[in-house]
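Quick note on labels: first sequence line is chain A, next is B, and so on, each numbered from 1.
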Amino acid sequence: MHEVIICEKPKSSEKIARALFPDAERKKHGKVSYWEYEGDGKRVTVVSAVGHLYSLKPENPRAEHFFDLEWVPIHEIDKKKAYVRDYLNVIKKFASDADRYIHACDYDIEGTLIGFNALKYGCGDEALERARRMKFSTLTRDEIREAYENPIEIDYRQVDSGAARHILDFIFGVNISRSLMKSVKEATDRFIKLSAGRVQTPTLAILVEREKEIREFEPVPYWIIKALLEPDLVAESSRGRIFQKETVKEILEKCRGADASVKSVRIKETIRKPPVPFDLGTLQSEAYRAFGFSPKKTQTIAQNLYTEGYTSYPRTSSQKLPESIGYDKILGELSKNSEFKKHIDKLKRPLKPHEGKKEDEAHPAIHPTGVIPTKLSKDDKRIYDLIVHRFISVFGDDAILETMKTELEIEDEKFTFSRRRVSRRGWMSSYPYTKIEDDVFPDLKEGDIINVREIVAEEKKTKPPARYNEASLIRELEKRGLGTKSTRADIIAKLYDRKYIEGRKIHVSPLGENLIDTLTKYCEKITNEELTRQFERELEEIMRGGVTRDRVIEEAIEEVKSILKDIDRNMKEIGRDLYRAYQDSRVVGECPECSKNLVIKYSPKNKSTFVGCSGYPDCRVVYSLPRGASILKTPCEKCGLPMISFGKPRQRACLNPKCGKKEIKGEEIVGKCPECGSDLIKRSGRYGEFVGCKGFPKCRFTCSVDDCPDTD
DNA sequence: GCAAGGTC
C-alpha cells in the first residue's frame, strides 16, 4: 500500500514526517524535499504544497466581465511563481501510484482549500474520494500522531467556504477594477492602472477620511504658561491649554515679580514590565520605529531569516512563547555569541516569559531558533538582532521607573514639573531599542522658595489628527479586521504602487481621493468594512450549511452586475474625472519657462521616469531624475522648484541640478524642526535611530522617527 | 493589466 500525505508548506511537511516516521528518509526532487518511509507493510511519502498551488482564472479571458472562473496552476498565471511548478510536480509524481491520501494542511479555511485543490486538480477525483483529513492546531509530535491515527473526512462545506471567498473577491475586485480602467480608456483613450478590492479600497478610504479631516481642520490658538525658575528649571501652569487671551494676561500680571513656593514633592515608583514577544504586526511596528523599515521590508527579511533557519515562522499573530519551544536550549545556543551571552547570563531562573494577550493556534510568537547566522546583510542583521534582544528581554526582570512630580505656587497659581529616571534597568539593559530616561532630580523640598526669572506665555495651535504611517496603518487594519497578518503590508505597498498614496507620513493623491469619491457614489459597499463583514457572515453560513456556495456566488454576481451597470451609465464622466485626478497627481510644480505644469513623465525608451513640462512640444523643459528619487513637497529655497531626495543614505537636492542647492551628504533630512525651523535629521544613537534638530546643540529638539513632525 | 490569500 502506498500512502501520500500532503502538507501545506515545506516546513510542516518536515515536522509531520519526523513526528510520524522518525526513520523516514529525506529525498530531493530538484529543489523540492519530500520524505519516504517503508515499513509495517506500507510505503508512505510526505509531500508539500507551498501555499496555494492553484489560482482563479476567467474561463473566457475575452469576456467583457468575468463571472465564470476556473482553477489553474498558479505558475501558469504568474511567472514569478515558477517555483510552484516543482512542488506540484512532486505531488503529481507520487500521487499517480498511491492508493491512500492524507490531507494534512493547516486546519483553517485556506488550508483546507489548498489541500483540496492539490488533491482534486493535482491528483484527480479518484484521489480525492480516497482522501482523509488530519486535524491539528499545532505541529507538536503528539498532536500530529493523534491526528494521523484518527483521521476525519474532508469538510466540504469548509472547502466551499474557502472557494467562495476566492471567487467573491475576484468577482468584486477584478470586475470593478476593469470597469474603472475601461472608463478612463473610453473617456480619454489613455490607459492607467487602477484597482479596487474588498481590502485595498477600505484601506484607502481610511486614509482619505484622515486626509479630509486634516484639510478641514481649523487650528485654534491657545497658550501654555511657563515659569522659568532659577537656576535652570521650567514649570508649566496646571491650567494646561488656555484658549482666552484675557486669562493669559491676567495670570501673567498676577504672577509678575512673585516667587514660587514648593507645595509638594512626590516621588513615585512605577513598574515597567518587559515587552511582550513579537507577533508579525508588533515586529513590523517596532522595526519601523527603530530602523524606519517598511512593514513589507521587515516581512521579507523575517521570511528570509525563517527560511535560513535562524528564526521561527514569521506569519503569526501569537504573543505567546510556550515552554515546548525549549527556552534553555535556545538561550544556551545564543550564548555562543558573546554579545547575547552577557544579557542571557543576567536572566533569573526559572525562566518565565512576559507574554502578550494575542494568540495563534498554529504558531508561537516570533523567536530565534538558536542557530546563529554567520553572515547577514546589514539590514537582515538588524532585524535578527532585534528579534534576539526582544526574545531575551521578555525573560528579564521588571524595570523600575521613578517619577518626581513637583507642585509649586506662584501667588495662587499652580505650576508643576516632572522628572523621570529609570532606577532599575531590568529588561531594559538587554533591549537597546528603548530610551532609558535619566533625568536629574533637582534637590527640592516642600516649603522651598524659588526665584522666578520670568513668566512666559507660549502661543501654540491645536493640531489636526496625525497622518498615518505604514506602521500605524497596519495597526489600524488589524484593529478593524481588514486583511490578514500576511497580506496587510502588501496591500499598503499596492496603494503606493498605484500612486493613490505617497510619503512616509501618508498623503493621499488626488487620484486616490477621486477614486474613493467615485466608488462611494457607485459602490459604497466596497469603500468600507461592510463588504468584509458580509463575506464573513456568508462564509460562516456556508460552513454551517445554511446556504450553498453557488447561491452566495449567484447573489454576488447579481450585485456586481448592478454596480457595473451603474458605472457604465456614467462611464465617460467617471473616466474623465479619474484621468483629471491622475494628471493632478503627477503635477510637481510650475515650469520656470512657460508657467505650465511640470509633471512626472515616463520614458518607455529609457525605462525611467523624469519631470517634464506639460506644454510639450511647445515647451521642452525637462529634468532627469536619479534612480529611486522621490519628489518632495518642499520647494527649493533658492529657485522654488521642488526638492528631490535620492541615493543611499538619502540626500536632498534641487530638481534643477544647475540650481545647485544641495544638502549635506549622509544626513537624511526628514522634516522641519517645530521649535527653530531648521532641518530635522535622522541620527543614530545608542538606542537606535531618532530624529534630531540640525541646530543641535543650540536647539535640542528630538523625537522618535515615528513621531517626526509632518513636512512632506 | 484587474483581488486577496496562502507560501518560497
Working note: I114(A) + Y54(A), criterion side-chain contact (heavy atoms from CB on, under 4.5 Å); need CA distance, chi angles, decisive distance, verdict. CA-CA 8 Å; I114(A) 288 168; Y54(A) 290 84; over 6 Å; no

Which is true for [X] with a 4.0 Å heavy-atom rule: it touches a base, it touches only sugar-phosphate, or it touches nothing?
X: I491(A); value: sugar-phosphate
X: T484(A); value: sugar-phosphate
X: G483(A); value: sugar-phosphate
X: A196(A); value: sugar-phosphate

Does a nitrogen or oxygen in the side chain of [X] sit under 4.0 Å from OP1 or OP2 of [N]?
X: S195(A); N: dA3(B); value: yes
X: S55(A); N: dG5(B); value: no
X: Y306(A); N: dT7(B); value: no
X: R498(A); N: dA3(B); value: yes
X: R488(A); N: dG5(B); value: no
X: S486(A); N: dG6(B); value: yes
X: Y313(A); N: dT7(B); value: yes

Given dA4(B), dC8(B), dG6(B), the nucleotide with the shortest approach to the side chain of R198(A):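 So the nucleotide nearest the side chain must be dA4(B).
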
Closest to the R315(A) side chain, choosing from dG5(B), dC8(B), dG1(B):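 Among the listed nucleotides, the one closest to the side chain of R315(A) is dC8(B).
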
With side-chain hydrogen bond (donor to acceptor under 3.5 Å, both in side chains) as the rule and sequence neighbours excluded, what pairs involving residues 109-122 of chain A come up?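 Matches after skipping sequence neighbours: H52(A)-E110(A), E110(A)-R165(A), E110(A)-H166(A), T112(A)-R133(A), T112(A)-Q158(A), K120(A)-D125(A).
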
Sequence neighbours excluded, every pair satisfying side-chain hydrogen bond (donor to acceptor under 3.5 Å, both in side chains) that has a member inside residues 84-96 of chain A: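 Every candidate side-chain hydrogen bond (donor to acceptor under 3.5 Å, both in side chains) pair involving residues 84-96 of chain A fails, so no pair, neighbours aside, qualifies.
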
How would you list all residue pairs meeting ring-ring contact (aromatic ring centres under 6.0 Å, His included) that involve residues 358-386 of chain A, not counting sequence neighbours?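 Qualifying pairs: Y313(A)-H363(A).
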
Take the protein atom [atom1] of [X] and the nucleotide atom [atom2] of [N], then report the distance between them rounded to whole Å.
X: H363(A); N: dG6(B); atom1: NE2; atom2: C1'; answer: 11 Å
X: I77(A); N: dA3(B); atom1: CD1; atom2: C1'; answer: 12 Å
X: I492(A); N: dA4(B); atom1: CD1; atom2: P; answer: 13 Å
X: H52(A); N: dA3(B); atom1: NE2; atom2: P; answer: 16 Å
X: L477(A); N: dA4(B); atom1: CG; atom2: C1'; answer: 13 Å
X: Y107(A); N: dG6(B); atom1: OH; atom2: P; answer: 17 Å
X: K81(A); N: dG6(B); atom1: NZ; atom2: C1'; answer: 9 Å
X: N117(A); N: dT7(B); atom1: CG; atom2: P; answer: 15 Å

Under 3.5 Å, which donor-acceptor pairs do the side chains of residues 548-573 of chain A form with other protein atoms, sequence neighbours left out?
{"from": "T548(A)", "atom 1": "OG1", "to": "R551(A)", "atom 2": "N", "distance (Å)": "3.1"}
{"from": "R549(A)", "atom 1": "NH1", "to": "D160(A)", "atom 2": "OD1", "distance (Å)": "3.4"}
{"from": "R551(A)", "atom 1": "NH2", "to": "E555(A)", "atom 2": "OE2", "distance (Å)": "3.2"}
{"from": "E559(A)", "atom 1": "OE1", "to": "K525(A)", "atom 2": "NZ", "distance (Å)": "3.4"}
{"from": "E559(A)", "atom 1": "OE2", "to": "K525(A)", "atom 2": "NZ", "distance (Å)": "2.4"}
{"from": "D566(A)", "atom 1": "OD1", "to": "R569(A)", "atom 2": "NH1", "distance (Å)": "3.0"}
{"from": "N570(A)", "atom 1": "ND2", "to": "D566(A)", "atom 2": "O", "distance (Å)": "3.0"}

Please tell me which of K494(A) and Q299(A) maps to the more 5' nucleotide of DNA chain B, matching each residue to the nucleotide holding its nearest heavy atom.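 Nearest nucleotide further toward 5': that of K494(A).
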
Most 5' of Q200(A) and K80(A) on DNA chain B, judged by nearest nucleotide: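 Residue closer to the 5' terminus by nearest nucleotide: Q200(A).
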
Nucleic acid contacts of residues 160-175 of chain A, taken as heavy-atom distances under 4.0 Å to DNA chain B: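 Nucleic-acid contacts, sorted: R165(A), H166(A), D169(A), F170(A), G173(A), V174(A).
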
What residues form a side-chain hydrogen bond (donor to acceptor under 3.5 Å, both in side chains) with E14(A), not counting sequence neighbours?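 For E14(A) the side-chain hydrogen bond (donor to acceptor under 3.5 Å, both in side chains) partners, ignoring immediate neighbours, are R18(A).
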
R475(A)/E470(A) salt bridge by N-O under 4.0 Å criterion: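 No, no charged N to carboxylate O under 4.0 Å.
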
Looking at D360(A) and K320(A), is there a salt bridge between them, counting it only when a charged N and a carboxylate O are closer than 4.0 Å?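 Salt bridge between K320(A) and D360(A), a charged N being under 4.0 Å from a carboxylate O: no.
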
Do R480(A) and I206(A) make a side-chain contact, defined as non-hydrogen atoms from C-beta onward lying under 4.5 Å apart?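 The answer is yes, as the side chains (C-beta and beyond) meet within the 4.5 Å cut-off.
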
Do the side chain of Y87(A) and the base of dT7(B) come within less than 3.5 angstrom through a donor-acceptor pair of N or O atoms?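 Answer is no: no donor-acceptor pair is held.
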
